[in-house]
S.K.: 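One structure coming up, written as structure tokens, with questions to follow.
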Protein chains: 2
Amino acid sequence: MKKPRPSAAFDKKFGQFVKKKRIELDMSQTGLAAKVGNNFQNISRLERGEISPTLFWCYKLADAFEMDLADLIKELGYKYKK
Amino acid sequence: MKKPRPSAAFDKKFGQFVKKKRIELDMSQTGLAAKVGNNFQNISRLERGEISPTLFWCYKLADAFEMDLADLIKELGYKYKK
DNA sequence: TAAAAACTAACCATATACGGTTAGTGTTCT
DNA sequence: AGAACACTAACCGTATATGGTTAGTTTTTA
């Protein structure tokens with residue numbers, strides 16, 4: 001068993017949130033990928049919490065969801081505690 | 001001349017914003033690094049726009065600044081245009 | 001002025017992200 | 001049933017991030 005990234009729990013929660021949003025907007029992973037200039041494999045990995053998205057990535061996601069990143073973050077509601 | 005990352009302009013702006021915030025709060029790069037569990041070299045790289053921080057990273061930064069990430073993003077005021 | 005601290009910048013090794021490919025599963029549609 | 005679509009999951013090669021080291025410059029402090 002290899003050790004998880006420090007961001008593992010956060011990434012998983014964020015991925016689930018993205019998936020929920022995407023489905024609410026009736027988009028496929030392929031469709032979302034096209035909007036953010038990425039491929040559907042990475043969308044899949046993101047939603048499963050396998051990767052830690054950059055802030056820039058998240059901006060493009062928010063754009064695809066037609067909302068401000070600040071609002072997306074607020075909706076996510078994750079509170080980081082050291 | 002090697003081609004810049006697509007996020008280059010964004011990263012630079014974010015880095016400048018972080019630097020401004022850090023100085024306002026009278027923190028050194030070393031001090032900030034300690035708060036976010038990182039090293040000062042990476043803070044330097046971040047501020048110079050050399051790297052593209054993960055969303056998780058940004059959460060810890062916001063925490064070090066004692067503010068919500070959503071508010072930090074709002075203050076940054078960057079609007080991504082595809 | 002001299003020492004200490006802060007920062008930039010290169011380099012290196014390792015970890016993670018990324019893009020693409022292939023394969024397999026499940027669902028929907030005709 | 002068969003075809004098309006959506007998704008997961010592995011693999012591989014390349015790019016980028018990360019942590020650490022070293023060196024050099026600027027700024028602050030004594």
Side-chain angles (χ1 to χ4, degrees), chain A residues 1-65 69 76 78 80 82, chain B residues 1-65 69 76 78 80 82:
Chain A
M1 52 190 88
K2 67 172 104 87
K3 67 178 167 190
R5 286 163 292 126
S7 59
F10 175 82
D11 294 340
K12 188 167 183 179
K13 172 146 185 173
F14 185 72
Q16 291 170 340
F17 177 73
V18 167
K19 182 169 191 170
K20 179 174 137 301
K21 265 288 168 190
R22 174 178 63 79
I23 291 177
E24 275 174 15
L25 294 171
D26 198 31
M27 284 193 250
S28 67
Q29 290 181 335
T30 302
L32 178 56
K35 286 205 175 207
V36 302
N38 211 323
N39 53 56
F40 82 95
Q41 291 93 334
N42 282 332
I43 300 292
S44 178
R45 282 182 265 221
L46 173 68
E47 289 184 352
R48 283 176 284 132
E50 285 191 0
I51 58 182
S52 204
T54 62
L55 186 59
F56 184 64
W57 234 102
C58 296
Y59 253 106
K60 291 191 287 186
L61 276 174
D63 200 57
F65 292 157
L69 178 57
L76 173 62
Y78 189 93
Y80 174 72
K82 177 179 48 188
Chain B
M1 54 190 90
K2 67 174 107 87
K3 68 178 167 190
R5 286 162 294 125
S7 59
F10 176 83
D11 294 340
K12 187 166 184 180
K13 174 147 184 172
F14 185 72
Q16 291 171 339
F17 177 72
V18 168
K19 182 168 190 169
K20 178 173 137 303
K21 267 286 168 190
R22 174 177 63 80
I23 292 177
E24 276 175 14
L25 294 171
D26 198 29
M27 284 192 249
S28 67
Q29 290 180 337
T30 302
L32 178 57
K35 286 206 174 205
V36 303
N38 212 322
N39 52 56
F40 82 93
Q41 291 92 336
N42 282 332
I43 300 290
S44 178
R45 282 182 266 222
L46 173 69
E47 289 184 352
R48 283 177 283 133
E50 285 190 0
I51 58 181
S52 205
T54 63
L55 186 58
F56 184 63
W57 234 101
C58 296
Y59 255 105
K60 292 190 286 186
L61 275 174
D63 200 57
F65 293 156
L69 178 58
L76 173 62
Y78 190 94
Y80 176 72
K82 179 174 44 189

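This structure is a prediction, so every number in the text was calculated from the model and none was measured. Quick note on labels: first sequence line is chain A, next is B, and so on, each numbered from 1.
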S.K.: To the nearest 0.5 Å, what is the distance between CD on Q41(B) and CD1 on I51(B)?
M.R.: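 That separation rounds to 11.0 Å.
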S.K.: How many angstroms lie between CG in L76(A) and CG in L55(B), if you round to the nearest 0.5 Å?
M.R.: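 Separation between the atoms: 7.5 Å.
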S.K.: Restricting both atoms to N or O, compile the protein contacts to nucleotides 26-30 of chain D shorter than 3.5 Å, with distance only.
M.R.:
none

S.K.: Only pairs at least two apart or in different chains count here, so list each ring-ring contact (aromatic ring centres under 6.0 Å, His included) that has a residue in residues 12-48 of chain A.
M.R.: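 Non-adjacent pairs meeting ring-ring contact (aromatic ring centres under 6.0 Å, His included): zero.
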S.K.: Nearest-Å distance, CD (E50(A)) to P (dC7(D))?
M.R.: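 Taking atom P of dC7(D) as the reference, CD of E50(A) is at 15 Å.
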S.K.: Does some side-chain heavy atom of F65(B) sit less than 4.5 Å from a side-chain heavy atom of V18(B)?
M.R.: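 The answer is yes, as the side chains (C-beta and beyond) meet within the 4.5 Å cut-off.
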S.K.: Just the endpoints, please: which first and last nucleotides of DNA chain C, 5' to 3', lie under 4.0 Å from a heavy atom of chain A?
M.R.: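 From 5' to 3', the first and last contacting nucleotides are dT16(C) to dT21(C).
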S.K.: By the salt bridge (charged side-chain N to carboxylate O under 4.0 Å, His left out) test, which pairs, at least two apart or in different chains, include something from residues 48-58 of chain B?
M.R.: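 Residue pairs passing salt bridge (charged side-chain N to carboxylate O under 4.0 Å, His left out), neighbours aside: R48(B)-E50(B).
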S.K.: Once salt bridge (charged side-chain N to carboxylate O under 4.0 Å, His left out) is applied, do any residues pair with R5(A), and if so which ones, sequence neighbours excluded?
M.R.: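 By the salt bridge (charged side-chain N to carboxylate O under 4.0 Å, His left out) rule, R5(A) matches D11(A).
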S.K.: Counting only pairs under 3.5 Å, give me each side-chain donor-acceptor contact of residues 25-34 of chain B, with atom names and distances, residues two or more places apart or in other chains.
M.R.:
from, atom 1, to, atom 2, distance (Å)
S28(B), OG, T30(B), N, 3.4
S28(B), OG, G31(B), N, 2.9
Q29(B), NE2, E47(B), OE1, 3.0

S.K.: Could you write out each protein N or O paired with an N or O of nucleotides 18-21 of chain D at a distance under 3.5 Å?
M.R.:
from, atom 1, to, atom 2, distance (Å)
dT18(D), OP1, W57(B), NE1, 3.1
dG19(D), OP2, N38(B), OD1, 2.6
dG19(D), OP2, N42(B), ND2, 2.8
dG19(D), N7, R45(B), NH2, 3.2

S.K.: Please list residues of residues 12-23 of chain A whose heavy atoms come under 4.0 Å from any atom in DNA chain C, ordered by number; otherwise none.
M.R.: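 Here the set is empty: none.
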S.K.: Axis-to-axis angle across the helix from dT1(C)-dA30(D) to dT30(C)-dA1(D), five pairs an end, to 10 degrees?
M.R.: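 Both end axes considered, the difference amounts to 50°.
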S.K.: List in chain and number order the residues that pass side chain to side chain donor-acceptor pair (under 3.5 Å) with N42(B), two or more places apart in sequence or in another chain; answer none if no residue qualifies.
M.R.: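 Residues passing side chain to side chain donor-acceptor pair (under 3.5 Å) with N42(B): N38(B), N39(B), R45(B).
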S.K.: Measuring from atom NZ of K19(A) to atom CD of Q16(A), what distance do you get when rounded to the nearest 0.5 angstrom?
M.R.: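 It comes to 9.0 Å.
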S.K.: The criterion is ring pair (Phe, Tyr, Trp, His ring centres under 6.0 Å); which residues satisfy it with F10(A), sequence neighbours excluded?
M.R.: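 With neighbours one apart ignored, the set is Y78(A), F56(B), Y59(B).
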S.K.: K20(B): what forms a salt bridge (charged side-chain N to carboxylate O under 4.0 Å, His left out) with it, not counting sequence neighbours?
M.R.: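 Testing K20(B) for salt bridge (charged side-chain N to carboxylate O under 4.0 Å, His left out), a comparison that skips the adjacent residues, returns E24(B).
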S.K.: If you define the side chain from C-beta out and look only at heavy atoms, does anything of L61(B) sit under 4.5 Å from L46(B)?
M.R.: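 Counting from C-beta outward, L61(B) and L46(B) do come under 4.5 Å.
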